[in-house]
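I have placed the structure first, in the form of structure tokens, so that the comments after it can refer back to it.
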Amino acid sequence: ADEAVRVAAVLPGSIRDQAWNQSAYEGLMKAKETMGLDVAYAEGVAEPDQLSAMRDFARRGYGVVIGHGGEFQDPAEKLARQFKDTLFVVSSGAEAGGNVATINFDYTQLGYVLGYMAAKLSTSGTIGWLGATEIKFSTELVDGYTKGAEAGRPGTRVLVTYMGDWNDVAKGKEAASAQISQGADVIFPTMDLASNGALTAAREAGIKAFGIYYDAIVDWPETVVQSVIMDVNAALVHFLEDAKAGKAGGKAYVYGLDTPDAARFGSFHADVPAEVKAEVDQLISDLASGKRKI
Amino acid sequence: MPRLTLDGIAKNFGGVPALADVTLDIAPGTVHAVLGENGAGKSTLMNILSGLYRPDAGTVRLDGRVVPPGDPKLALDHGFGMIHQHLTLVDRFTGAENIALATGGGVGTGVIAAAAAGRALARDLGFSVDLDRRVEEMPPGMRQRVEILKVLVRGATIVVLDEPTSVLTPAEASSLMAALRRLAAAGRTVLLVTHKLAEVFAAADAVTVLRRGRLVATLPIAAVDADGLAALMVGPGEAAMPAPAAGAEVMPAPAAGHDNAVPVLEVAALDVDDDAGRPAVRGVSFRIHEGEVLGIAGVDGNGQAELAEALAGLRRPRSGDVLVDGVTVEPGRPRQRLARHRVAYVPRDRHHAGLVLDMDGSRNLILRDVDRPPVRRRFGIIDRVLAAARLTRAVADFDVRGAVNGPVRALSGGNQQKLVLARELGHQPRLLIAEQPTKGLDVAATAFVQRKVLALTATGAAVLYISTELDELRMVADRIAVMSGGRITGILSRDDADLQSLGRLMGGIDRPSTDDTAGAAA
Amino acid sequence: MSVDLRRLAAGPAVPVGAVVLALAVGGLLIAATGGDPIDLGGQIVDRVLLDYWGISDLLARMAPLLLAGIAVAIPLRAGLYNVGAEGQIYMGGLFATVVALRMPDDANALLAITAATLAGALGGALWAGIAGVLKARRGIDEVVTTLLMNYVALNLISYAASGPLKAPGAPYPYSPEVPDIVRLPLMMADTEAHIGLLVGLAVAVIARIALARTAWGFGVEVAGKAPGAAHYAGIAVGRTTIIAFALGGAAAGLAGAFEVIGLKHRLFAGFASGYGYDGLVVAFLAGGDPVWSMVAAAFMALLRTAVTTLKSAGLDATAVTIVQGLIVLFAASGLALQRHGAFDRLFARTRPAPTQPPASASGTASASGTVQP
Amino acid sequence: MIDLFTNPTALADLFATMLRLSVPLVFAAIGGVFSERAGMVNISLEGSMILGAFGASWGAIAGGSAGFGVVAGALAGGLLGAGFGIATVYAGANQIVAGIGANLLGLGVAAFLHRLTATGRAAENRVPGFADITIPGLADIPIVGKALFATDPMTWAAILAVPLAALVLARTGLGLRLKAVGENPRAADVAGLSVRLYRLGAVTLCGMLAGLGGAVLVLSQVFLFTEGMTAGKGFIAVAAVILGRWSPLGAAAACLLFGLSDAIQLRLQFANTDVPYQLFVVLPYLAAILTLVGLVGRSRAPQASGQFYRRESR
Ligand SMILES: Nc1ncnc2c1ncn2[C@@H]1O[C@H](COP(=O)(O)OP(=O)(O)OP(=O)(O)O)[C@@H](O)[C@H]1O
Ligand SMILES: Nc1ncnc2c1ncn2[C@@H]1O[C@H](COP(=O)(O)OP(=O)(O)OP(=O)(O)O)[C@@H](O)[C@H]1O
Ligand SMILES: [Mg+2]
Ligand SMILES: [Mg+2]
């Protein structure tokens, strides 16, 4: 197709949430720069308004309309029937087909690695995981994390907290503090802005933590020992290149360790013992090559 | 030079004039009475003086200097102090706190100082008040006394009183009048709004009469008599209502003793508690027969209110029986009282219980029977035509003035009371319980109500008439019971009810009772 | 003849003026951040008001807003603040879903829809009824109970959708889709504008008649305006409180049911977020009148739709939120100034002083005759 | 789990968490008490809190110390309170609607200004906040010592604010007059008080206190501002005002109840993984409702609560 691909995204939260939404926004902006795409977005769109926001973009001729979250699955399917020439994309979506594509990261796999590493790093034998609500993203992450911990050191106790809120920073801090007071010495917060609170708690208590979405060690040099990077930009680039070539369709795109530009790990903290580093690196490459299955 | 000059004062409410071109001089050191029918504009004028209302035109001058309008704070600073017709007390504050609010200033609350000053002044005035009690727990008379103390403690130099005595006992009222004279003698200026001509003659140096928002006359007290004032108030060409005394002639009082008469209300050994659960009515028994008016006298707060509420089905008695036409009135079921027993009730506080201030006149008139035919029609729809017709009749019968088609909040106090009376008297009740029914009514309306009450008895109805005014009771009641400390300390026939014997009974000194239940038992 | 300003002030001019003022401030803000307010305004007109889809969006949103407004308005008539329409909507959705999911595929559509709808109303009524009972029997402030129960309802739905009602194999906590037969018919083909709005309009009219014209409504009003007088007139204030709350909750429950069977076709957390709180705005802007709530709901639906449009036009969401807040504040203030007659007075002062009543000639001549400005 | 309530370290920890979760609420709720007692139903606490949080972050960064943050936070919150007051007290806007509008405005303005003044990376916007100050000796008291005596000045300010507010309301002329305005504005008016000024003052003070509540989050707890970081705490503070029966002590107790139940639920979750987490999340709300049900006696809002006062209406 000759026409420039026009891409629009509907984001459920703020483009400044330092997490889920911001990563999509930044990915989009990068795609605009690097691929010269015509992009648009609407942020902070509440549940009741999501369908019409997506439709608005579809009607205005955006060829690719992204709904950034599993909750967009239904609206995308409905709209896909009306706008046959538009490709609807659901991040964290459930079902692809027709002109609905889904983009997923292999949350289980990514969580597994961090659980494994946490168990190796923990001296207390207790580690923590914090999430906001029980959606696919969370359940898969925590599932992998728990399995990884068991693989890293059998018998590791995993404390799981659902806060019920993505952005309550103060509560995030207290939720993490509660885990720390129960003995957790490595935690993995997976909320949005609220993760900042959990990382603050970790920093104050001098324990270790994992970052998510970007290499968070730059912001938390004392605390973050590793980050799982879900590079929405790279994911989008993958996908959009297909789209540009007219190859993209209602496929389920899953990015895992085998697509390291999209899903990878960040920098190890200097304090991480070399043997742990080596084991984790080994695990990552085994998972990437498919040598090891979860 | 006059102390106070009103010059061309005019005030409209929603385009309807309440006052027009009122011009008046008031000399220092005098008590100046302001008279007029209900709705004549008296309260409006006083509210302008106190800065609460801003006049549409005209000025108020104090010693020749203009007092900026529409600012209560400035008015206070100029020495104005006003006792409002509808009290301006904080219900949940104690009396002392209310006084402290008015006196203000200082670091602490000033409640202790306020209480001391209030008590001292109350002693001077012969007022009995408990300043530590919360206003919401006070009987109406005590509230009124607090309102008066609040202003006088502040040391106002121009004291404005809007119907201050409507719920006071005669003794308190006359003591207040004497105090007003003393204030005048001390050089202060007093404006007194009242419907009681006796007070005017007792206390005033001069009198101003308002009629429908206009000033009709200002005269020295020596130049007028009661009939003259009444005529001025009503105006030429208007049929004057019969003089108060004529009321008694409408229905000659039944002979004392009711051997053959049928009792309408029988009360036996009634005990009622007040809101705080303290006994308020103790072992009260009496009967009222067909065509009879039983008056209840006494300083208020002696159980009258609780008695009335219990009889009206609004308050559950602790024990005892109430029978209307021989049928037991089930406690706590006001609907029964209205529909079955046909008991009408004029509550003492029209603002709290009598009216829905935010509803218009016609809706207030259907308050009692809105859920019954004929007001309630098919599918529960209200018959608005009927309601409107009721209003038209009430306005005509009771001479209600003001914007009756809007929220009754805007009506003058007297006109509000007329609406309550119109509703309660309009249903041919078997029993009427009336607490201070003529509170705030002008002379003519008072007479009219008293005539209505007596006309009611002609239909065989019984009336329980509660009032702090002995004169009024002696005019309407066949027998007068005195309540003191929750008991009926005695029941006198009208002819025996002189001030002395009533006073003794009010003091709680028991006397051989003429209680007819006792008689019946014999 | 000049325009009669007072007549205009008494009409819609003031609220409209307030909104225009808020938009002007918002426009400046947008211009300051590099947007083109005129163009955006044009887009709103084109894409919301003059557009099949825009109008359908408006109507789809108006339904829950109107019902939520009524949910607030009915208890308000009894002097009670229902801050819990949000939670009541959720409970309505939950009950409707439970019933809808049990409908056999060959059920009669009308019956099935009615059953799900009534279940929704019941859910809302029960949830609101709790606050009503606590208020009536224990004197517990209804603001706090209804507010807190919103959070409980929200989490209850979240639990239901991720637990007992979760669709088998669902990746996201949501219920299975409700069968086709319980889905509400649409007013406009291919859109979200379902017939729930018609039901809402009917409910508004009925509520208005019941409140303004019947003995029951009279009792509610007296209970709200003068509890003392209500007691005196034999109106059971407690029972009235409970019923008013339950009816309000039923209206909210309807909204929740319609969101499920008319729009989303399944239950999930936050499926109607914000409508309950917007219902407060609707009801209070309408002065508690269900019929005026229609206008207020249309206004709020327009606002919501415009907000989405502005966001998708690339406008910074924070600026949009500011404009939204200003509009709500200004509209409430403008309406209040109008109701309290402030504009009447303002204009009255600029006009010639009202003529004295004719009788004035006979009075004592006023010395000065000066008229206060 | 029994461990949680018997182990002194765990208890001390629970107590500290409770306190930290409560302190922001306490400031806002005391503000709410002042506002409500003056007859103003003020649900714009959330908006004032978030503006306060932003103001604190901006002020502390610009001024280079937490003290500037406190001042800027209070001013920012107070500004919104004053705006709400002008709309409701002078124009007569409905207090609920204006409160909702003010919340939107506060959330919008805080986020808008934050985007103008800060980058999207937490670490680059870290705020110089308060450090904990330890009082030797007292800090060693079991259970409560660490939380109360090894903490930051804002916690002490909150603890002091409660009796101070109670004292002002109960024992000063100012308190008496403020309450009069909320109970019977007509009575206050004829006593020469400016009902409008008192009400405007009350909601402005309320906004400032709520702003402080927001400032606590930034200056004492997480040391950064993020959009929407108050996450509904303003509404919980409103609930606390009513739950605490419009008194500072009661409201503070209600805040502690919210804090405590949240602190407990965050700990109960790990031990009971088979229980749906939503049950834990709603624990504070359920606790509040049950407390209300358990309390005896009716609570009464100030009589003129929510009512617009106009002098010439009767
Ligand atoms: N705030 C107000 N709003 C509307 N109308 C009012 C208001 N205040 C007074 N009025 C009207 O002005 C007129 C005069 O009322 P005002 O209260 O001055 O009478 P009054 O002489 O004191 O009567 P009363 O003896 O019954 O107390 C009445 O018709 C009343 O309805
Ligand atoms: N939300 C509102 N916004 C603007 N004006 C309103 C609003 N609500 C009511 N009004 C005005 O007040 C008038 C009276 O309203 P109301 O609802 O009492 O009508 P009504 O015709 O008296 O009906 P009913 O007699 O059944 O109560 C309306 O005609 C309208 O002009
Ligand atoms: Mg009067
Ligand atoms: Mg009407």
Side-chain angles (χ1 to χ4, degrees), chain B residues 11 13-14 43-44 47-48 50-54 70-77 80-94 96-111 113-114 135-136 147 150-151 154 351 357-358 407-413 416, chain D residues 33 36-39 90 92 94 164-202 245-247 250 296-314:
Chain B
K11 179 76 185 167
F13 288 106
S43 296
T44 305
N47 281 327
I48 286 171
S50 70
L52 199 57
Y53 289 179
R54 176 189 289 273
D71 188 340
K73 172 93 175 81
L74 269 179
L76 286 168
D77 292 346
F80 287 88
M82 175 158 172
I83 287 142
H84 290 261
Q85 181 175 11
H86 293 126
L87 307 185
T88 54
L89 298 172
V90 179
D91 285 351
R92 293 183 197 166
F93 281 7
T94 64
E97 284 171 337
N98 270 289
I99 294 174
L101 187 65
T103 50
V107 180
T109 49
V111 171
V135 169
E136 62 189 351
E147 174 92 0
K150 188 177 84 171
V151 172
R154 201 177 161 125
H351 277 189
L357 290 173
D358 289 317
V408 298
R409 184 179 288 286
L411 295 181
S412 81
Q416 289 175 348
Chain D
V33 169
E36 293 260 350
R37 288 307 280 267
Y90 288 87
N94 178 279
L164 191 69
L167 208 69
V168 167
L169 279 176
R171 290 273 180 272
T172 68
L174 182 70
L176 190 74
R177 295 193 282 275
L178 200 74
K179 287 185 289 185
V181 165
E183 291 285 343
N184 186 348
R186 165 61 40 89
D189 198 12
V190 303
L193 309 177
S194 169
V195 174
R196 288 175 165 186
L197 274 184
Y198 271 87
R199 287 188 161 180
L200 182 62
R245 300 183 173 202
W246 296 272
S247 90
V296 279
R298 307 195 155 223
S299 55
R300 297 195 300 182
Q303 250 175 340
S305 183
Q307 287 167 20
F308 174 56
Y309 176 65
R310 212 160 32 124
R311 186 171 278 164
E312 296 209 356
S313 69
R314 287 213 186 195

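Model, not experiment: these values are computed from the prediction. A note on names: the letters A, B, ... follow the listed sequences, proteins ahead of strands, and every chain is numbered from 1.
For chain D, the nearby part of B:Glu136 is the side chain; its heavy atoms alone come within less than 4.5 Å. Interface remark: B:Leu52 contributes backbone and side-chain atoms alike to the contact with chain D (heavy atom separation under 4.5 Å).
Residues satisfying the salt bridge (charged side-chain N to carboxylate O under 4.0 Å, His left out) criterion with B:Asp71, sequence neighbours excluded, are absent altogether.
Using a 4.5 Å heavy-atom cutoff, the side chains of B:Val151 and B:Met82 are not in contact.
For the residue pair D:Ala38 and D:Val181, the shortest heavy atom distance occurs at O-CG1, 3.7 Å.
Chain D forms more heavy-atom pairs under 4.5 Å with one residue of B:Asp91, B:Thr88, B:Asp77, B:Asn98 than with any other, namely B:Thr88. Of the residues considered (B:Leu89, B:Leu87, B:Leu357), B:Leu89 shows the highest number of contacts with chain D, using heavy-atom pairs under 4.5 Å.
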Please lay out, stage by stage, how D:Leu178 and D:Leu169 fare under the test side-chain contact (heavy atoms from CB on, under 4.5 Å). CA-CA 8 Å; D:Leu178 200 74; D:Leu169 279 176; 4.1 Å; yes
